[in-house]
Peer 1: 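Right, I'll just put the structure down here and ask away after.
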Amino acid sequence: MGEWVSLLKKEFKMARPRVLWGLVVLIVAGFVDVFLAYRFGRPGAATVLAFMAVTFHIFYLAIYMLKSLSSEWNNAHLWLHLPRSGWSLISAKLASGLIALLVSFGITCIFSLWVVAIDLNSFAQFNVLPQIELIWSAILHYGWMIVLLIITSAIYTGLWAMMISVAMASTRNFIKKEKGRFFVGVGVFLIPTWGIGALQNTSVYDLLVKWGTVNLPLTALNGIENVHVQPAFHVGEILFYTLVSAAVFYLSGWLLDNKVEV
């Protein structure tokens, strides 16, 4: 465990300049968005920008892993010769990236709630949304669902980005041209996009995942007019994507141990 913690500290040290600069840009952008919400534009415009910043974090871990692994391939003789398994190496990177994701996402959520509060007050002044209190209550009650969805989606995309990078690196010895390795990455990219997308349109997918339906309560939304939604999820779908994620992690570690060469 102590050796893995040392790997994690090494990942923190490597990523620190990039992560800190990203946080600085994020905080500056957050204050700019708050300023815009107070001073300029129509109510709602700043909230749209905040929403874009929040949803961007679905791809945060993927970008982090691609950049981190890219820097490792330039010094692969040092990284791969560490006396740890491939799974230890990539799990340290994932842990470091996840911590960076949570910090960035937390700051973004704080600014987003600030901007939403400003815009809702502006709407209230113009009597555009008479049910401001109910809307705010719904945000506070169900915001955790959005947070959980974004974080789990970020982990899923981060794992596939890691798999793309490792798969490309594992072909370096017999595919010399970078363009050829790029097509390997495209091939892996098509698995979670086109491949699973095609699977979702089959009866086999429904049989595998469409079981264990859990309906989420909408108590806080009952007083809002024209709201007719009933969010639900399937236990089978959660299990399916958990197994896919575990398989991607396992295969990435195996490729790093057995196929990626200096």
Side-chain angles (χ1 to χ4, degrees), residues 1-31 53-112 147-148 150-173 178 181-182 185 188-189 245-246 248-262:
M1 186 64 181
E3 293 180 357
W4 187 86
V5 172
S6 297
L7 282 176
L8 182 60
K9 291 179 179 178
K10 171 250 183 188
E11 297 299 336
F12 279 138
K13 186 176 181 180
M14 282 184 58
R16 184 168 54 197
R18 184 170 66 251
V19 171
L20 289 179
W21 274 112
L23 292 177
V24 169
V25 171
L26 175 64
I27 292 171
V28 170
F31 279 115
V54 168
T55 54
F56 160 78
H57 283 80
I58 292 175
F59 308 101
Y60 184 100
L61 189 57
I63 295 171
Y64 180 99
M65 292 302 294
L66 289 173
K67 286 184 173 293
S68 181
L69 285 168
S70 177
S71 65
E72 295 289 8
W73 304 139
N74 295 327
N75 299 284
H77 61 287
L78 298 176
W79 189 49
L80 297 179
H81 284 167
L82 291 173
R84 301 295 293 175
S85 68
W87 296 286
S88 293
L89 296 176
I90 59 176
S91 64
K93 283 192 179 297
L94 283 169
S96 174
L98 183 59
I99 292 171
L101 164 67
L102 293 176
V103 172
S104 177
F105 188 62
I107 293 172
T108 302
C109 288
I110 291 172
F111 278 109
S112 297
V147 170
L148 185 60
I150 290 176
I151 291 175
T152 54
S153 298
I155 294 172
Y156 185 72
T157 56
L159 284 167
W160 277 106
M162 176 184 69
M163 179 66 190
I164 290 171
S165 183
V166 173
M168 291 174 64
S170 67
T171 62
R172 294 175 73 175
N173 284 339
E178 186 174 347
R181 295 195 297 273
F182 171 78
V188 177
F189 174 77
S245 299
V248 170
F249 176 78
Y250 176 84
L251 185 55
S252 297
W254 183 87
L255 286 174
L256 199 58
D257 277 337
N258 297 280
K259 298 299 180 180
V260 179
E261 299 180 9
V262 178

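We count residues from 1, following the sequence as given.
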Peer 1: Just by distance, do the side chain of W87 and the backbone of Y250 share a donor-acceptor pair under 3.5 Å?
Peer 2: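 It does hold such a pair.
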Peer 1: Nearest 0.5 Å please: distance from the CD1 atom of I107 over to the CG atom of L23.
Peer 2: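 Between I107 CD1 and L23 CG, I get 5.0 Å after rounding to 0.5 Å.
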Peer 1: Flag yes if more than 12 heavy atoms outside F249 fall under 6.0 Å of its CZ atom; otherwise flag no.
Peer 2: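 Counting other residues, nucleotides and ligands, CZ of F249 exceeds 12 neighbours.
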Peer 1: For K67, I'd like to know if atom NZ has over 12 heavy atoms of other residues, nucleotides or ligands within 6.0 Å.
Peer 2: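 Incorrect, the count does not exceed 12.
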Peer 1: Which heavy-atom pair separates A92 from L7 by the least distance, and what is that distance?
Peer 2: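 Closest heavy-atom pair between A92 and L7: CB-CB, 3.8 Å.
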Peer 1: To the closest 0.5 Å, what do you measure between OG1 (T108) and CD1 (I27)?
Peer 2: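 Spacing of OG1 (T108) from CD1 (I27) equals 9.5 Å.
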Peer 1: Taking ring pair (Phe, Tyr, Trp, His ring centres under 6.0 Å) as the test, write out the residues that go with F31, two or more places apart.
Peer 2: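 Only F111 meet the ring pair (Phe, Tyr, Trp, His ring centres under 6.0 Å) criterion with F31.
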Peer 1: Distance-only, no hydrogens or angles: does the S170 side chain make a donor-acceptor pair with backbone N or O of A167 under 3.5 Å?
Peer 2: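 Yes.
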Peer 1: One pair to check against side chain to side chain contact (heavy atoms under 4.5 Å, CB included): I155 and S245. What are the steps and the verdict?
Peer 2: CA-CA 9 Å; I155 294 172; S245 299; 5.9 Å; no
Peer 1: Working to the nearest 0.5 angstrom, can you tell me the gap between L89 CG and D257 CG?
Peer 2: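 Those atoms lie 7.5 Å apart.
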Peer 1: Of all the heavy-atom pairs spanning E11 and S68, show the shortest one and how long it is.
Peer 2: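 Residues E11 and S68, closest heavy atoms: OE1-OG, 3.8 Å.
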Peer 1: If every non-hydrogen atom of I90 is compared with every non-hydrogen atom of G253, which pair is closest and at what distance?
Peer 2: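 Taking every non-hydrogen atom into account, CD1-N, 3.6 Å.
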Peer 1: CG/L101 to NE2/H57 distance, rounded to the nearest 0.5 angstrom?
Peer 2: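 NE2 of H57 is found 6.5 Å from CG of L101.
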Peer 1: Please examine the side chains of L159 and L94, heavy atoms only from C-beta on, and report whether any two atoms are closer than 4.5 Å.
Peer 2: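 A side-chain contact exists here, since the closest heavy-atom pair is under 4.5 Å.
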Peer 1: Starting at OG1 of T171, measure out to NZ of K259 and round the result to the nearest 0.5 Å.
Peer 2: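 So the gap between those two atoms works out to 12.0 Å.
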Peer 1: Shortest non-hydrogen contact from T157 to A62?
Peer 2: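 Of all heavy-atom pairs spanning T157 and A62, the closest is O-CB, 3.7 Å.
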Peer 1: Within this structure, what is the CE-CG distance for the pair M162 and L255, rounded to the nearest 0.5 Å?
Peer 2: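 One gets 10.0 Å once the value is rounded to the nearest 0.5 Å.
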Peer 1: Evaluate the criterion side chain to side chain contact (heavy atoms under 4.5 Å, CB included) for residue pair V147 and V54; output intermediate values, then yes/no.
Peer 2: CA-CA 9 Å; V147 170; V54 168; over 6 Å; no
Peer 1: So, does S91 use its side chain to make a donor-acceptor pair with the main chain of S88 at under 3.5 Å?
Peer 2: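 Present.
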Peer 1: Write down the atom of M65, the atom of G158, and the distance for their closest heavy-atom approach.
Peer 2: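 Here M65 and G158 meet closest at CG-O, 4.0 Å.
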Peer 1: Describe, in one word, how the ring planes of Y60 and F56 are oriented to each other, choosing from parallel (under 30°), tilted (30 to 60°) and perpendicular (over 60°).
Peer 2: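 Perpendicular: the ring planes of Y60 and F56 meet at over 60°.
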Peer 1: So, for V166 and W73, which heavy atoms are closest and what is the spacing to 0.1 Å?
Peer 2: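 That closest heavy-atom pairing would be CA-CZ2, 4.1 Å.
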